[in-house]
Amino acid sequence: MSLDWTASSAVLGIVGRFDDNLGLRAAPRLAAQVVAGAGVGARSGGVKGALVGVVVLPAIVNAFNFMDGINGISGGTAAAWGASVAASGRVGAQARMQGAVTAGMGLGFLPYNVPTASMFLGDVGSYLFGGGIAATVIQSFFTGKRLDLNGAVDTLAPLIPYLADTGSTIVKRAVRGESITQAHREHAYQRIVQETGWPHWCVSSIIALAPVIHGA
């Protein structure tokens with residue numbers, strides 16, 4: 001595992017803990033994400049890497065934070081994403097190891113969150129997962145400072161359900177003039193639960209199927 005992966009996970013986990021305890025405003029949270037993304041990106045791909053990092057890391061971290069609204073969804077997605085990356089033949093050994101560790105972390109958390117939750121990720125957990133996953137994605141964009149689209153696709157594709165749900169919901173709320181940071185229940189996965197009455201673990205499993213199918 002790389003120092004960048006460890007630092008990104010730890011630093012953003014600490015930011016999440018402060019948010020859980022103190023209720024940080026959006027600006028300092030986003031600033032921490034941008035700085036972390038720029039740092040990981042610069043070490044992986046220089047100036048191009050920094051530009052990639054300031055976009056990719058906040059997008060993934062906030063997706064994990066916004067989507068963590070039902071039991072099992074983020075733990076299951078992290079486990080499935082990690083397994084997919086660990087099994088990929090188009091990413092480096094470092095990314096595969098970080099994927100395997102992420103999968104283990106997700107699987108280790110699930111028994112405490114599914115089917116009945118005795119523990120929740122909170123901001124600290126979603127930021128930690130998001131920070132580590134984002135660092136792996138950013139690193140996989142580059143091989144020896146050169147852009148590597150194969151690695152980018154293999155690490156980003158399993159996150160499409162999270163990124164698409166988060167992005168579309170933010171756009172819709174922004175168009176209506178509503179706050180994009182205020183808590184709500186408009187995500188696609190939340191509407192599925194509300195309209196079908198399916199248990200959380202069932203909807204979470206459907207969301208996690210995307211990384212599993214991609215890895216297969």
Within-4.5 Å side-chain heavy-atom neighbours: Arg29 and Tyr127: yes
N-O pairing of Arg173 and Glu186 below 4.0 Å: yes
Co-membership, hydrophobic cluster, residues Leu51 and Leu156, 4.5 Å side-chain: no
Verify same cluster id: Val171, Leu30 (apolar side-chain graph, 4.5 Å): no
Considering all heavy atoms, the nearest Ser204-Gly72 contact: OG-C, 3.5 Å
Residue pair Gly131 / Val61: nearest heavy atoms and the distance that separates them: N-CG2, 3.7 Å
Shortest non-hydrogen contact from Pro58 toward Gly53: CD-O, 3.5 Å
Minimum side-chain heavy-atom gap Ile138-Leu57 below 4.5 Å: yes
Side chain Asn113, main chain Asn71, donor-acceptor under 3.5 Å: no
Between NE2 on residue His200 and CD on residue Gln190, distance to nearest 0.5 Å: 9.0 Å
Interatomic spacing from CG in Leu147 to NZ in Lys48 - rounded to 0.5 Å: 7.0 Å
Same apolar cluster (I L V M F W Y, side chains within < 4.5 Å links), Val34/Leu163: no
Side-chain donor-acceptor contact under 3.5 Å, Ser126 with Asp68: no
Heavy atoms from other residues, nucleotides or ligands near CZ of Arg176 exceed 12 (cutoff 6.0 Å): yes
Euclidean distance, Thr77 OG1 relative to Ile133 CD1, rounded to 0.5 Å: 8.5 Å
Interatomic spacing from CE in Met105 to OG in Ser9 - rounded to 0.5 Å: 6.0 Å
Flag, side chain of Trp81 to backbone of Thr155, donor-acceptor distance under 3.5 Å: yes
Heavy-atom pair with the smallest gap, counting every atom of Ser84 and Pro158: OG-CG, 3.7 Å
Contact summary for Ala100 and Ala86, nearest pair of heavy atoms: N-CB, 3.8 Å
Tyr189 side chain to Met67 backbone, donor-acceptor under 3.5 Å: yes
From Val193, Thr169, Ile70, residue fulfilling side chain to side chain contact (heavy atoms under 4.5 Å, CB included) relative to His187: Thr169
From Phe64 atom CZ to Leu121 atom CG, the distance as rounded to the nearest 0.5 Å: 9.0 Å
Candidates Asn21, Asp20, Val15, Ile14 - the one meeting side chain to side chain contact (heavy atoms under 4.5 Å, CB included) with Phe18: Ile14
Donor-acceptor pair, side chain of Ser168 and main chain of Asp165, under 3.5 angstrom: yes
Separation of Ile192 CD1 from Gln194 CD (nearest 0.5 Å): 10.5 Å
Any donor-acceptor pair under 3.5 Å from Tyr162 side chain to Ser74 backbone: yes
Donor-acceptor contact present, side-chain Ser118 to main-chain Tyr112, <3.5 Å: yes
Check: Ala95 main-chain N/O paired with Thr136 side-chain donor or acceptor under 3.5 Å: no
Same cluster (ILVMFWY, side-chain, under 4.5 Å), Val101 and Val124: no
Asp123 side chain reached by Asn65 side chain, heavy atoms, under 4.5 Å: yes
Arg96 side chain near Val91 side chain, heavy-atom distance below 4.5 Å: yes
